[in-house]
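Just so you know, residue 1 is the first one in the sequence shown, and it goes up from there. Hydrogens, waters and symmetry mates are skipped; everything else that's a heavy atom, side chains included, is used.
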Amino acid sequence: MMKNKINFGAIIVYYIIAVICRYAATKTNLLSSVENPYLVILLRGVGPALGALATIKIFSLNNPMSLKGIYKNALVPFAVYWILPAVLIASVYYFTIGKFPVLLMFTVLAYGLLEEIGWRGFLQEQLKSLPKFTSILIIAVLWFAWHLNFEMTTSNIIFFGIIFFGTWGIGKVYTSTGSLLAVAGVHSLNNFFRNGLHDTELTLILILLVIWVGFIILYNRKYKTVANPV
């Protein structure tokens, strides 16, 4: 079976659009007049989604994307990967600092979705014919560079490590579920805790990861059984 030919021209166009949007949102004063902080968060992450959708249109690519993936409808991944973490994390925030930031939680999740449309929905799909490690490395490098923070600091080196293992882990979730809602939820775990990890945050992350991995395994078993009845 012949492997799909990689359209490097499409990938370059995608990345240029993604980086231009990121640069405009984070390195210029373009958003200084935007008063809504939630909208500012979303605009900072819109580049990968715009790049992916524009490139698919420009090059007439057969690049399927799905919010629901293997699930019967989008409500299933929405409940498991969005509602569950948003309510759980917001509740912990409420009991620790007296705030219940549900709107912020869903803004962070939507931000993750905007990124994942590009990194998993488009780029991983376009590079799927490459050896897995090569694909992971390319996506990780491009994803890291997209953040436009190139200082050689310890925190940046650690961040690249997080990006690399995140590319592998989130990529596995996308391969298993085909759901952009699912990978957006997993992606957002890092963004929920931007001020560092403490015991409570680590516990929440572990709880959610255990629930999600278990759900993926059980659902995939059921899905395969239904798809291939004995």
> Between S129 and I6, is a side-chain contact (heavy atoms from CB on, under 4.5 Å) present by the stated rule, with each step listed?
Replying inline: CA-CA 8 Å; S129 62; I6 298 173; 3.5 Å; yes
Given 3.5 Å as the limit, does a donor-acceptor pair link the side chain of [X] with the main chain of [Y], or not?
X: S188; Y: N191; answer: no
X: S32; Y: N29; answer: yes
X: N7; Y: A10; answer: yes
X: W168; Y: K132; answer: no
X: T134; Y: L130; answer: no
X: S135; Y: P131; answer: no
X: T177; Y: A182; answer: no
X: N73; Y: K68; answer: no

> Do the ring centers of Y71 and Y219 come within less than 6.0 Å of each other?
Replying inline: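 That pair passes the under 6.0 Å test.
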Between [X] and [Y], is there shared hydrophobic-cluster membership here, with clusters defined by ILVMFWY side-chain heavy atoms closer than 4.5 Å?
X: L39; Y: L103; value: no
X: L218; Y: L84; value: no
X: I83; Y: V210; value: no
X: I138; Y: F133; value: yes
X: V40; Y: L113; value: no

>> Show, in sequence, the C-alpha distance, side-chain angles and deciding distance for L189 and L209, and conclude whether the side-chain contact (heavy atoms from CB on, under 4.5 Å) test is met.
In response: CA-CA 9 Å; L189 277 185; L209 288 177; 3.9 Å; yes
> Distance only, no hydrogens: is a donor on one side chain within 3.5 Å (strictly under) of an acceptor on the other, for N63 and Q126?
Replying inline: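 Yes, because at least one side-chain N or O of N63 sits under 3.5 Å from a partner of the opposite role on Q126.
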Distance-only check: which donor-acceptor pairs under 3.5 Å involve side-chain atoms of residues 12-23, not counting sequence neighbours?
unit_1	atom_1	unit_2	atom_2	d
Y15	OH	L142	O	2.6
Y15	OH	W146	N	3.3
R22	NH1	R44	O	3.0
R22	NH1	Y111	OH	3.2

Do other residues, nucleotides or ligands put more than 12 heavy atoms under 6.0 Å from [X] [atom1]?
X: F165; atom1: CZ; value: no
X: N36; atom1: CG; value: yes
X: F150; atom1: CZ; value: yes

>> Would F215 and V76 count as a side-chain contact (heavy atoms from CB on, under 4.5 Å) here? Give the steps.
In response: CA-CA 11 Å; F215 182 74; V76 176; 3.7 Å; yes
[Y] and [X], any side-chain heavy atoms less than 4.5 Å apart:
X: K99; Y: Y94; value: no
X: M65; Y: I56; value: yes
X: T96; Y: V92; value: yes
X: L43; Y: L30; value: no
X: L181; Y: E116; value: no
X: L50; Y: L114; value: no
X: R120; Y: T167; value: yes

Can you tell me how far apart [atom1] ([X]) and [atom2] ([Y]) are? Round to the nearest 0.5 Å.
X: L180; Y: F122; atom1: CG; atom2: CZ; result: 13.5 Å
X: Y81; Y: I211; atom1: OH; atom2: CD1; result: 10.5 Å
X: F164; Y: I139; atom1: CZ; atom2: CD1; result: 10.5 Å
X: I58; Y: L61; atom1: CD1; atom2: CG; result: 9.5 Å
X: I11; Y: L127; atom1: CD1; atom2: CG; result: 4.5 Å
X: I136; Y: I170; atom1: CD1; atom2: CD1; result: 11.5 Å

> Does F78 have any ring-ring contact (aromatic ring centres under 6.0 Å, His included) partners at least two apart in sequence or in another chain, and if so, which?
Replying inline: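 Testing F78 for ring-ring contact (aromatic ring centres under 6.0 Å, His included), a comparison that skips the adjacent residues, returns W82.
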> Excluding sequence neighbours, so at least two apart, what forms ring-ring contact (aromatic ring centres under 6.0 Å, His included) with F59?
Replying inline: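 Once residues adjacent in sequence are excluded, F59 has no partner under the ring-ring contact (aromatic ring centres under 6.0 Å, His included) criterion.
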>> Pair N149, F159 - check side-chain contact (heavy atoms from CB on, under 4.5 Å), show working.
In response: CA-CA 10 Å; N149 188 354; F159 182 58; over 6 Å; no
Search all heavy atoms of [X] against all heavy atoms of [Y] and return the closest pair with its distance.
X: F100; Y: A90; result: CD1-O, 3.4 Å
X: L67; Y: S179; result: O-OG, 2.6 Å
X: P64; Y: Y174; result: O-OH, 4.2 Å

